[in-house]
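Before any comments, here is the structure.
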Amino acid sequence: MNFVKNKLVVVGAGMVGSAVLNSVLSLNLLSEVVIVDINDKKAQGEALDASHTTSFAYSPNVKVRAGSYEDCKDAQIVVITAGPSLKPDDKLDRLVLADTNVKVTDSIMKNIVKYTKDAIIIVVTNPVDIATYYCQNNFDYPKNRIMGTGTLLDTARMRKIIGKKYNVDSKNVHGYVLGEHGGSSFTSWSDVNIAGIPFDKLDDIFKVEAHADKEQIDTEVRDSGIEVLKLKGYTSAGIAMSVSRLVKAILLNEQSILPVSSTLEGEYGISDVALSIPCVITSNGIENKLEIPLSEDEIDKLNKSADSLKEIIKGLKDNK
Ligand code: NAD
């Protein structure tokens, strides 16, 4: 495959697509970034605006432009951010968003596969686990080369909340949010630690008086996307950084372990549904899915997450 070295295509030039565009440019790892949208003028505007940033010192002279699906043919990475988002006054009906965005994702994938089966596809469009499942299971595309951002963002939110509580850099908080990116996500508390100190010992070691409540933190993580949505009307910065993190891991063949969404194939006894567990990310995409040790309660929560997502998938199938 003749890639243009470090070429990335962003599909969708909305709030998330434009934030992703700017975030990946600041990685200073890309030679060409192309943005595609059904609204070509919006794509052109975003590309032109972003191209002006490359004149500044320390910005590499990246080619930034609006383009078409044909640009996927020599791209290393394609990021799908197209399709409507929940609005603050929506009833937060995931199934309605699922039906609409599966149709959007379907039309985009049909276009992408005309030009490539080599690019690593990062799915952002919500509900991201449903969109990822759809892309991985309805097209003749290598499954390991498709991943959803999944609970990478939820994990960042969990780490931020815990880091703030114990007054440490959230990058020193380890552990994962697993399952669905949404209402049934949960923290695998048995793995959470700061500098090797297990979560249950943090209050003593950091001499914190108010006990950190696991349920409360999980609820705060689950609600924080909606909170941002209510306050500013959309979410963009956190998800853009999540995509950038994946892009860096892919371009640099990092073998980093990140929680991303993919169709499980028997891990934890679960299959035929996409959700997030920690995965090894390389330039081949998902190199390995890690069945990290979980408590019985956590496995139960993972199954509940899988069941709730399967219900939505079943609803989609019934709608066909
Ligand atoms: P937005 O409405 O601002 O932008 C959507 C863009 O998609 C628009 O520019 C629209 O023209 C374009 N589009 C629609 N149909 C298209 C098609 N068939 N082909 C190409 N382009 C098309 O929405 P947003 O705030 O940018 O959010 C985009 C998606 O990202 C939503 O589904 C949102 O829920 C999701 N999102 C996911 C996460 C996550 O953690 N996975 C976080 C934030 C947002």
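Whatever order the structure lists them in is the order used to number ligands and atoms, beginning at 1.
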(request) Using a 4.0 Å heavy-atom threshold (strictly under), name the region of V16 that reaches ligand 1: side chain, backbone, both or neither. (result) both
(message) Yes or no: does K42 have any heavy atom under 4.0 Å from an atom of ligand 1?
(response) no
(request) If the plane angle is over 60° it's perpendicular, under 30° parallel, otherwise tilted; pick one for F199 and Y166. (result) perpendicular
(message) Could you check whether K301 pairs with D297 (Lys NZ or Arg NE/NH1/NH2 to Asp/Glu carboxylate O, under 4.0 Å)?
(response) yes
(request) Specify the protein heavy atom at minimum distance from atom 18 (N) of ligand 1: its residue, its atom name, and the distance to 0.1 Å. (result) S107 OG, 3.5 Å
(request) With heavy atoms of P84 as the reference, note each atom of ligand 1 found under 4.0 Å away. (result) 31 (C), 32 (O)
(request) Within a distance under 4.0 Å of any heavy atom of T125, pick out the atoms of ligand 1 and give their elements. (result) 32 (O)
(message) Keeping D218 on the side-chain end and T187 on the backbone end, is there a donor-acceptor pair under 3.5 Å?
(response) yes
(message) I'd like to know if the side chain of T116 reaches the main chain of A119, judged simply by a donor and an acceptor atom lying under 3.5 Å from each other, with no hydrogens or angles considered.
(response) yes
(message) Is there a polar contact between ligand 1 and I239, counting only N or O atoms under 3.5 Å apart?
(response) no
(message) For H181, is there any backbone N or O sitting under 3.5 Å from a side-chain donor or acceptor partner on S185?
(response) no
(request) Please confirm whether N101 comes within less than 3.5 Å of ligand 1 when only nitrogen or oxygen atoms on both sides are compared. (result) yes
(request) Have a look at A19, S85, G83, S236 and point out the one with the heavy atom closest to atom 7 (O) of ligand 1. (result) G83
(request) Report the nearest protein non-hydrogen atom to atom 38 (C) of ligand 1: residue, atom name, distance rounded to 0.1 Å. (result) N126 ND2, 3.5 Å
(request) Could you pull out all residues at least two apart from E265 that satisfy salt bridge (charged side-chain N to carboxylate O under 4.0 Å, His left out)? (result) K289
(message) Give me the nearest non-hydrogen protein atom to atom 41 (N) of ligand 1 as residue plus atom name, then the distance to 0.1 Å.
(response) V124 O, 2.9 Å
(request) Give the residue, atom name and distance (to 0.1 Å) of the protein heavy atom nearest atom 19 (N) of ligand 1. (result) Y69 OH, 3.7 Å
(message) Looking at every non-hydrogen atom in both residues, tell me the closest pair between I217 and A212 and how far apart they are.
(response) CD1-CB, 4.2 Å
(request) Number the atoms of ligand 1 from 1 as they appear, then name those within less than 4.0 Å of a heavy atom of A13, with their elements. (result) 9 (O)
(request) Give the residue, atom name and distance (to 0.1 Å) of the protein heavy atom nearest atom 15 (N) of ligand 1. (result) V104 CG1, 3.9 Å
(request) Provide the closest heavy-atom pair for E291 versus Y268 in the form atom of the first, atom of the second, distance. (result) OE2-N, 3.0 Å
(request) Identify, by atom number and element, the atoms of ligand 1 in contact range of L153, meaning under 4.0 Å from any of its heavy atoms. (result) 40 (O)
(request) Give the residue, atom name and distance (to 0.1 Å) of the protein heavy atom nearest atom 40 (O) of ligand 1. (result) H181 NE2, 3.0 Å
(message) On a heavy-atom basis, which atom in S190 and which in P293 lie closest, and how many Å separate them?
(response) OG-O, 4.3 Å
(request) Please list, chain by chain and in numerical order, all residues satisfying side chain to side chain donor-acceptor pair (under 3.5 Å) with K63, sequence neighbours excluded. (result) none
(message) Tell me the protein heavy atom at minimum distance from atom 11 (O) of ligand 1, and give that distance in Å.
(response) D37 OD1, 2.6 Å
(request) Could you find the nearest protein heavy atom to atom 3 (O) of ligand 1 and give me its residue, atom name and distance? (result) M15 N, 3.0 Å
(request) May I ask which of V36, T235, I38 has a heavy atom nearer to atom 16 (C) of ligand 1 than the others do? (result) I38
(message) Give me the atom names and distance for the closest heavy-atom approach of G150 to S261.
(response) CA-CB, 3.9 Å
